[in-house]
J.: 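The structure is given below, and queries will be raised subsequently.
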Amino acid sequence: MELNELEKIRIEKIRRLKELGIESYPTRSNIDTTIKKACDAFIKAEQNEMPDPIAVTLGGRMRSLRVMGKLAFTHIEDSTGKIQLFLRVNELGEKLQIFKDFFDLGDFVEAHGTMIRTKTGEISLQVDDFRMLAKAITALPAAKEEMIDGQVVRYTGLSDPEIRYRQRYADLVVNPDVKKIFYTRTKLVNSLREFLNQNDFLEVETPILQPIYGGAAAKPFTTHHNQLHQDLYLRISFELYLKRLLVGGLDRVYEIGRDFRNEGVSYKHNPEFTQLEFYCAYFDYLKVMDFTEKMIRYAAEKTLGTTQLSYNGIEFDLSKPWNRVNMREGILEKTGIDIANYTDRETLSSVMKEKGMQFKPEIPRGKLIDHLVSEYLEPSFLQPTFLYDYPWEISPLAKRKPDDPTTTERFEGFIAGMELCNAFTELNDPIDQELRFLEMGRAYATDDDENNPIDEDYLQAMRYGMPPNGGFGMGIDRLTMLFTDSSTIREVLLFPHLRDRDNESAEGVPAV
RNA sequence: GGGCGUAUAGCUCAAUGGUAGAGCAGUAGCCUUUUAAGCUAUUGGUUCUGGGUUCGAAUCCCAGUACGCUCACCA
């Protein structure tokens with residue numbers, strides 16, 4: 001490992017401390033409370049006429065340091081807050097020199113003393129003893145502000161996005177807003193769980209390693225089980241396993257977990273992402289719509305304390321009902337094309353060409369419609385919107401409308417032009433399902449990557465009888481983006497996927 | 001995958017083709033109520049990598065790598 005100058009200096013300090021009999025990484029600490037608890041107790045005690053002195057042992061990371069001749073100030077930080085340590089020669093004698101010589105920003109320290117207020121009124125710990133808990137060798141980026149010519153110059157501690165994502169640990173220490181995003185994310189997930197649990201849903205865990213992948217159209221990651229000599233896929237969705245559970249009599253189930261898709265990375269795509277899926281017996285897609293509105297509203301109230309959100313300058317209110325747009329009507333309104341009049345690929349593609357639209361000419365009808373939606377509808381869905389009634393060709397797991405077998409009871413939810421969720425009245429007819437699987441196989445026969453093999457066992461499950469039910473899937477990362485006003489998915493992932501930096505094995509291998 | 005852009009000290013950034021700098025951090029010294037501490041001095045560079053042009057390259061050209069934006073792809 002290559003050490004820079006600053007790191008060598010700190011290693012030398014560790015060595016010199018050892019000579020003085022001081023361990024830089026002791027095994028145990030003697031901390032007896034958190035910074036917040038100590039401050040709260042002190043504030044409470046101050047309200048008495050003659051408060052008793054409060055003695056505590058606190059621990060944390062040194063975040064600021066001001067050393068003078070015979071005294072020193074430093075702020076230490078734990079996950080509950082920050083407090084100033086006040087170190088004087090009066091209490092510490094010669095030991096103060098140890099602090100001045102060997103303690104640096106970033107070190108974890110422990111300090112015993114009495115809670116006081118300094119002359120400026122700041123709650124502080126007047127230290128009578130201190131210890132190193134863990135020496136930091138690499139210096140944290142310095143975060144400071146300075147007045148230059150009347151302008152506040154902010155030295156952002158760490159702003160290079162590459163280092164921020166690759167060394168998220170440093171990012172979290174230095175940039176407090178980052179920490180806030182992940183607290184919000186966890187609160188959001190907790191609130192969704194809470195809501196589903198309150199509605200009698202059962203949380204379950206289904207296989208991530210799957211012999212047949214399905215439930216979505218996406219390229220999978222593949223892997224191999226050595227002993228079983230079996231190729232396996234990382235799941236691209238939970239759908240087919242969760243619906244098996246409805247056959248088994250678990251009427252309301254949900255799972256929150258990771259999906260993996262071997263596809264492009266973008267501001268709203270990461271190869272692994274967190275999904276919420278639920279399935280509810282005896283629901284149809286209209287009930288799922290209502291339920292979705294309630295759930296997301298609940299999540300906003302619980303997580304943010306408000307339903308008024310702003311994303312990328314777009315204001316929206318989750319307490320209001322979402323807009324509902326019928327797909328056929330929506331497309332007609334935006335493009336003048338009534339897809340009901342063009343029932344095959346050729347006619348639809350030729351009218352689209354007449355309108356001067358750019359698209360791959362060979363794609364099937366379903367994908368043409370999908371193109372119309374993503375090109376002309378999605379970007380206009382800035383306010384929360386359900387787009388509903390999707391063509392059957394692109395919805396192989398959704399039930400057909402009773403009065404129109406070419407259309408399925410399916411909707412997707414959008415906010416700020418971004419797809420957030422996808423739901424339908426689930427197809428529970430095993431005979432139709434088999435036809436649909438066969439049809440999919442034909443449609444994608446030329447496209448190897450998306451040619452999902454037929455899941456015979458899933459059909460077997462359905463033949464035992466699956467209750468009518470409504471299902472729902474939502475990207476948790478995207479909802480977190482909306483809740484934290486983050487412009488890219490990487491900001492809401494602790495460790496977003498990045499390309500290998502120094503991959504020796506990749507060297508000299510020509511790009512395929 | 002395409003286009004555009006970025007890469008310089010630990011961090012944030014400067015630098016007409018002509019000696020590679022600043023602030024913060026660091027180091028040494030002074031300093032008993034600081035919190036942007038202050039004052040004095042000072043260390044620190046494979047200018048992303050590899051080629052090329054040139055008397056001379058951080059700067060211009062070519063190739064590569066990583067990152068960013070964007071387009072394409074993506075139920």
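Note that this is a predicted model, so its numbers are computed, not measured. Every chain is numbered from 1, with letters handed out A, B, ... down the list of sequences. Every heavy atom of this structure was used, including side-chain atoms; hydrogens, water molecules and symmetry mates were not.
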J.: Without decimals, in angstroms, what is the distance between A/His371 NE2 and B/A75 P?
T.: 14 Å
J.: Would you say the side chain of A/Ser124 and the base of B/U33 hold a donor-acceptor pair, judged only by whether the two atoms sit under 3.5 Å apart?
T.: no
J.: Between B/G44 and B/C24, how far apart are the two C1' atoms, rounded to whole Å?
T.: 14 Å
J.: In terms of side-chain heavy atoms, does A/Arg261 have a donor or acceptor partner in A/Asn270 at a distance below 3.5 Å?
T.: no
J.: Under 3.5 Å, side chain of A/Arg436 to main-chain N/O of A/Ala398, donor-acceptor pair present?
T.: yes
J.: For B/U12 and A/Ser159 - does any side-chain N or O of the residue sit under 4.0 Å from the phosphate oxygens OP1/OP2?
T.: yes
J.: Check every strand shown and say whether A/Asp104 touches a base, only sugar-phosphate, or nothing at a heavy-atom separation below 4.0 Å.
T.: sugar-phosphate
J.: Pick base, sugar-phosphate or nothing for A/Tyr390, based on heavy-atom distances below 4.0 Å to the nucleic acid.
T.: nothing
J.: From the options B/C67, B/U34, B/G26, select the nucleotide whose nearest atom is closest to the side chain of A/Arg66.
T.: B/U34
J.: Using atom C1' of each nucleotide, how far apart are B/A75 and B/G50 to the nearest Å?
T.: 44 Å
J.: Under 4.0 Å, counting only non-hydrogen atoms across every strand here, what does A/Arg261 touch: a base, just sugar-phosphate, or nothing?
T.: nothing
J.: Indicate, with a heavy-atom threshold strictly under 4.0 Å, whether A/Leu6 touches base, sugar-phosphate, or nothing.
T.: base
J.: To the side chain of A/Arg88, which of B/U33, B/C11, B/C67 is closest?
T.: B/U33
J.: Between B/A66, B/C74, B/G68, which nucleotide gets closest to the side-chain atoms of A/Lys367?
T.: B/C74
J.: More than 12 heavy atoms of other residues, nucleotides or ligands under 6.0 Å from CD of A/Glu19: yes or no?
T.: yes
J.: From the list B/U34, B/U32, B/U33, which nucleotide is the closest neighbour of the side chain of A/Gln84?
T.: B/U34
J.: If you only use heavy atoms from C-beta on, which nucleotide in B/C11, B/A25, B/U27 is closest to the side chain of A/Lys13?
T.: B/U27
J.: Please state whether the base of B/U27 and the side chain of A/Glu5 form at least one donor-acceptor pair under 3.5 Å?
T.: no
J.: According to the Watson-Crick and G-U wobble definitions, with both distances under 3.5 Å, which nucleotide is paired to B/A57?
T.: none
J.: Between A/Thr408 and A/Arg400, does any side-chain donor sit less than 3.5 Å from a side-chain acceptor?
T.: no
J.: Provide, to the nearest angstrom, the distance between the CD atom belonging to A/Glu7 and the P atom belonging to B/A9.
T.: 14 Å
J.: Mapping A/Thr74 and A/Thr488 onto RNA chain B by nearest heavy atom, which one lands closer to the 5' end?
T.: A/Thr74
J.: If you check the A/Arg499 side chain, which of B/C74, B/G68, B/A66 turns out closest?
T.: B/A66
J.: Rounding to the closest angstrom, what is the interatomic distance between B/U43 and B/C48 at atom C1'?
T.: 24 Å
J.: When the distance from CZ of A/Arg166 to C1' of B/G10 is rounded to whole Å, what number comes out?
T.: 18 Å
J.: Specify the separation, in whole Å, of atom NE2 of A/His497 and atom P of B/G68.
T.: 11 Å
J.: Between B/U32, B/G26, B/A75, which nucleotide gets closest to the side-chain atoms of A/Glu412?
T.: B/A75
J.: Does A/Arg490 place a side-chain N or O at less than 4.0 Å from the phosphate oxygens OP1/OP2 of B/G68?
T.: yes
J.: With heavy atoms under 4.0 Å as the rule, sort A/Arg117 into base, sugar-phosphate or nothing.
T.: nothing
J.: Can you tell me how far P of B/C24 sits from CG of A/Leu140, to the nearest Å?
T.: 19 Å
J.: Looking across every strand, which nucleic acid part, if any, lies under 4.0 Å from A/Ser64 by heavy atom: base, sugar-phosphate, or nothing?
T.: nothing
J.: If I take atom CD in residue A/Glu378 and atom C1' in nucleotide B/C73, what distance separates them, rounded to the nearest angstrom?
T.: 14 Å
J.: Tell me the partner of B/C31, counting only Watson-Crick (N1-N3 plus N6-O4 or O6-N4) or G-U wobble (N1-O2 and O6-N3) with both under 3.5 Å; none if nothing fits.
T.: none
J.: Whether A/Arg10 contacts B/G10 is assessed here as follows: a side-chain N or O lying under 4.0 Å from the phosphate OP1 or OP2. Is that the case?
T.: no
J.: With a 3.5 Å cut-off and just heavy-atom distances, do the side chain of A/Asp160 and the base of B/U12 make a donor-acceptor pair?
T.: no
J.: Between P on B/G38 and CG on A/Leu71, what's the gap in Å once rounded to a whole number?
T.: 15 Å
J.: Please pick, from B/C74, B/U32, B/A66, the nucleotide with the shortest atom-to-atom distance to any side-chain atom of A/Asn90.
T.: B/U32
J.: State whether a side-chain donor-acceptor pair under 3.5 Å links A/Thr484 with A/Glu491.
T.: no
J.: Please report the distance, rounded to the nearest Å, between NZ in A/Lys135 and P in B/G26.
T.: 10 Å
J.: Scan every strand shown for a Watson-Crick or G-U wobble partner of B/G21, both distances under 3.5 Å, and answer none if you come up empty.
T.: B/C13
J.: Just name whichever nucleotide pairs with B/G5, Watson-Crick or G-U, keeping both distances under 3.5 Å, else none.
T.: B/C67
J.: Taking B/C61 as the reference, what is the distance to B/G23 when you measure between their P atoms (whole Å, please)?
T.: 32 Å
J.: Which nucleotide, in any strand shown, forms a Watson-Crick or G-U wobble pair with B/A36, with both distances under 3.5 Å?
T.: none
J.: Do A/Asn428 and A/Lys399 pair up side chain to side chain, a donor and an acceptor below 3.5 Å, judged on atom types alone?
T.: yes
J.: For atom C1', what is the distance between B/U6 and B/G64, given to the nearest Å?
T.: 16 Å
J.: Quick one: does any side-chain atom of A/Glu263 pair with a main-chain N or O of A/Lys219 as donor and acceptor, under 3.5 Å?
T.: yes
J.: Assuming nearest nucleotide by heavy-atom distance, tell me which of A/His269 and A/Gln126 is located more 5' along RNA chain B.
T.: A/Gln126
J.: Expressed in whole Å, how much space separates the C1' atoms belonging to B/A15 and B/A58?
T.: 9 Å
J.: Expressed in whole Å, how much space separates the C1' atoms belonging to B/U59 and B/A7?
T.: 14 Å
J.: For the side chain of A/Pro396, starting at C-beta, report the closest nucleotide among B/U32, B/A75, B/G26.
T.: B/A75
J.: Can you tell me how far C1' in B/G45 sits from the matching atom in B/A14, rounded to whole Å?
T.: 15 Å
J.: Would you indicate, yes or no, if B/G26 has its OP1 or OP2 atom less than 4.0 angstrom from a side-chain nitrogen or oxygen of A/Lys8?
T.: no
J.: Taking the side chain of A/Met68 as heavy atoms from C-beta outward, which of B/U33, B/C67, B/A75 is closest to it?
T.: B/U33
J.: With distance as the sole test, does A/Glu419 use its side chain to make a donor-acceptor pair with the main-chain N or O of A/Gly475 at under 3.5 Å?
T.: no
J.: Any donor-acceptor pair under 3.5 Å linking the side chain of A/Gln210 with the backbone of A/Leu234?
T.: no
